[in-house]
There are 2 protein chains.
Amino acid sequence: MTKAVKPVAREARHYIRIKEQILADIAEGKLQPGDRVSSESELVAAFGVSRMTANRALRELMFEGILKRSAGIGTFVSPKHLDVDLLQIRNIADEILERGHKHKAAVVKAGLMKADANVADALELTLGAGVMHSLIVHLENDQPIQVEERYVNPLVAPDYLSTDFSSMTPNEYLTKVAPITAFEHVVQAVKPDPAIRKYLGLKNDHPCLRVFRRTWSGEAVVTCALLYYPGAQYRLEARSTKGPSKPVAILGEKL
Amino acid sequence: MTKAVKPVAREARHYIRIKEQILADIAEGKLQPGDRVSSESELVAAFGVSRMTANRALRELMFEGILKRSAGIGTFVSPKHLDVDLLQIRNIADEILERGHKHKAAVVKAGLMKADANVADALELTLGAGVMHSLIVHLENDQPIQVEERYVNPLVAPDYLSTDFSSMTPNEYLTKVAPITAFEHVVQAVKPDPAIRKYLGLKNDHPCLRVFRRTWSGEAVVTCALLYYPGAQYRLEARSTKGPSKPVAILGEKL
DNA sequence: GCGACTAGCCTGTATATACAGGGCGGAGAA
DNA sequence: TTCTCCGCCCTGTATATACAGGCTAGTCGC
């Protein structure tokens with residue numbers, strides 16, 4: 001005879017509680033990268049759930065790149081790295097919040113300017129046309145992680161400069177005003193110039209990832225931006241649809 | 001009394017079969033964006049699996065952005081998902097030839113080795129399994145432009161090492177032996193170690209673009225490679241389908 | 001002392017079952 | 001005819017169970 005199964009209200013969502021607990025432990029530093037996470041059976045005991053539920057929580061965290069699992073060994077916290085999806089445009093504030101961290105944006109500059117040849121070309125405007133420009137440093141837990149230099153097409157988003165960038169990122173505002181229908185990413189490794197280095201708090205010889213992004217809404221270029229990331233920590237990922245099941249350590253990094 | 005449960009060999013992985021079937025139907029156009037996908041119970045009947053297994057397949061496809069589900073209604077193909085071509089894998093020799101330049105490949109190392117933890121993980125083999133390894137420097141007009149360190153799954157391409165890499169790049173050979181069905185790119189800016197620096201002929205503080213690439217053929221990982229590019233010259237591009245008409249100068253060299 | 005075997009822990013996959021709750025359409029009441 | 005309620009289909013979540021198979025440490029025989 002099967003034992004009576006006590007159903008659980010949908011609101012409980014035990015697997016989410018387990019995920020939140022693990023994410024909180026990571027955020028508070030109780031779990032460090034490389035640390036062993038409770039095994040499924042330990043979670044069963046600790047949370048009073050079935051192993052399938054614990055399994056689901058851990059499996060989803062693995063898919064999200066937070067944990068690394070291997071049969072016979074155990075479950076571990078992934079080496080810390082910040083991922084950006086090359087094939088997708090995401091809001092940096094959301095990414096930071098998802099990691100359980102605090103996002104802040106420091107506006108260094110914001111104003112109007114005349115398009116020089118490069119900018120005019122990139123935004124498909126005429127030379128000397130009025131263009132909006134902003135330079136913003138994004139902070140994760142008060143650590144700088146991205147410098148965003150942006151040029152905006154005033155024909156598409158005329159109210160860009162009156163946005164409060166501390167409560168809404170440029171990206172967020174612009175996608176609301178003009179939904180993205182196409183984009184382009186060009187990635188380079190560069191030696192950052194002194195100003196960028198200062199904003200990111202980098203040493204002289206620290207390599208730096210630079211992403212040049214343009215986004216379209218219909219036929220019009222909405223905006224283009226230069227995004228600078230501190231190199232070593234930052235990873236850009238691109239996967240094809242049928243992609244791999246789980247993230248893997250890059251060869252050359254320690255497991 | 002619980003009915004006897006027929007255990008299934010791990011190799012079966014029914015949920016993956018279901019996912020592949022759905023992905024194939026989408027690829028062949030049998031399922032269009034917005035179409036309704038078989039419900040869980042229909043899949044149970046069609047594949048002879050339990051509902052939990054069908055549920056897992058659909059849930060994972062939802063996480064991957066392929067499907068959209070809503071309780072009480074059904075499961076549907078997501079309206080649009082960007083096509084795979086965004087970051088294609090190209091043969092470096094072809095790229096060089098297209099520029100009207102001369103390609104040469106210098107084989108630094110080529111041999112068998114035992115998979116360490118990282119390599120085993122990346123190729124989805126067991127620790128200590130035999131793996132083929134090669135280190136090749138690609139030259140454009142006798143200037144080094146890429147260092148390619150590659151690990152190859154011997155189960156997929158056992159004759160890899162007997163290839164003449166000066167007449168056929170590893171990439172070319174491998175795509176011939178096992179057509180690529182999926183890939184993953186992870187891009188970082190790094191300070192190259194002395195050996196890589198030497199091969200690329202770089203100065204000490206020169207930044208460097210490192211691409212970690214894995215390619216699949218069906219369920220098997222064919223190969224993974226670390227590709228090093230001298231940063232400033234090299235651009236990695238990703239475009240969405242509707243992409244821009246023509247390449248544009250990166251706003252760049254000045255702030 | 002060394003190697004082979006084994007017990008035990010861990011994840012991976014699969015099944016049968018159960019209840020919660022959203023959404024929709026048809027039957028029956030107003 | 002219109003409105004309401006109920007039953008049915010669908011997904012969401014949870015449980016108990018079972019077997020497969022990777023990995024390790026410890027034991028036992030030689």
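Here is the naming used below: chain letters follow the sequence lines, and residue numbers restart at 1 for every chain. Values below: all heavy atoms of this structure, side chains included; hydrogens, waters and symmetry mates excluded.
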Within 45° of the six-membered ring axis of A:Phe76 and under 6.0 Å from that ring's centre, is NZ or CZ of A:Arg36 located there?
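Judged by the rule (NZ or CZ under 6.0 Å from the ring centre, within 45° of its axis), A:Arg36 is not positioned above A:Phe76.
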
Residue [X], side-chain atoms from C-beta onward, closest of [options]:
| X | options | value |
| --- | --- | --- |
| A:Asn55 | D:dT13, C:dT13, C:dA14 | C:dT13 |
| A:Thr53 | C:dC10, C:dA14, D:dT15 | D:dT15 |
| A:Arg36 | D:dT13, C:dC10, C:dA14 | C:dC10 |
| B:Met52 | D:dA14, D:dG21, D:dT11 | D:dA14 |
| A:Ala71 | C:dA16, C:dT11, D:dC10 | C:dT11 |
| B:Glu42 | C:dT15, D:dC10, D:dA14 | D:dC10 |

Could you give the [atom1]-to-[atom2] distance, from [X] to [N], as a whole number of Å?
| X | N | atom1 | atom2 | answer |
| --- | --- | --- | --- | --- |
| A:Ile18 | D:dT13 | CD1 | C1' | 12 Å |
| A:Leu43 | C:dG12 | CG | P | 13 Å |
| A:Ile73 | C:dT11 | CD1 | P | 10 Å |
| B:Leu67 | D:dC10 | CG | P | 16 Å |
| B:His14 | D:dC19 | NE2 | P | 16 Å |
| B:Arg69 | D:dC10 | CZ | P | 11 Å |
| B:Glu40 | C:dA14 | CD | C1' | 15 Å |
| B:Arg51 | D:dA14 | CZ | P | 13 Å |

For the residue pair A:Ser166 and A:Asp164, confirm or rule out a side-chain donor-acceptor distance under 3.5 Å.
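Yes.
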
Could you check whether A:Arg69 and A:Thr75, counting side-chain N and O atoms only, form a donor-acceptor pair closer than 3.5 Å?
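Side chains of A:Thr75 and A:Arg69: pair found under 3.5 Å.
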
Could you pick out which residue, B:Gly72 or A:Val49, lies toward the 5' side of DNA chain D when each is mapped onto its nearest nucleotide?
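With B:Gly72 and A:Val49 compared, the 5'-side residue is B:Gly72.
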
Between CD on residue B:Glu20 and CG on residue B:Asp25, distance to nearest 0.5 Å:
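Atom-to-atom, B:Glu20:CD and B:Asp25:CG are 12.0 Å apart.
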
One pair to check against ring-ring contact (aromatic ring centres under 6.0 Å, His included): B:Tyr160 and B:Phe165. What are the steps and the verdict?
CA-CA 10 Å; B:Tyr160 175 67; B:Phe165 294 128; 5.1 Å; yes

Residue-phosphate contact under 4.0 Å: [X] side-chain N/O, [N] OP1/OP2:
| X | N | result |
| --- | --- | --- |
| A:Ser41 | C:dC10 | yes |
| B:Thr75 | D:dT11 | yes |
| B:Tyr15 | C:dA14 | no |

With hydrogens left out and only the distance checked, is there a donor-acceptor pair under 3.5 Å joining B:Arg56's side chain and the base of C:dG12?
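Result: no qualifying N/O pair found.
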
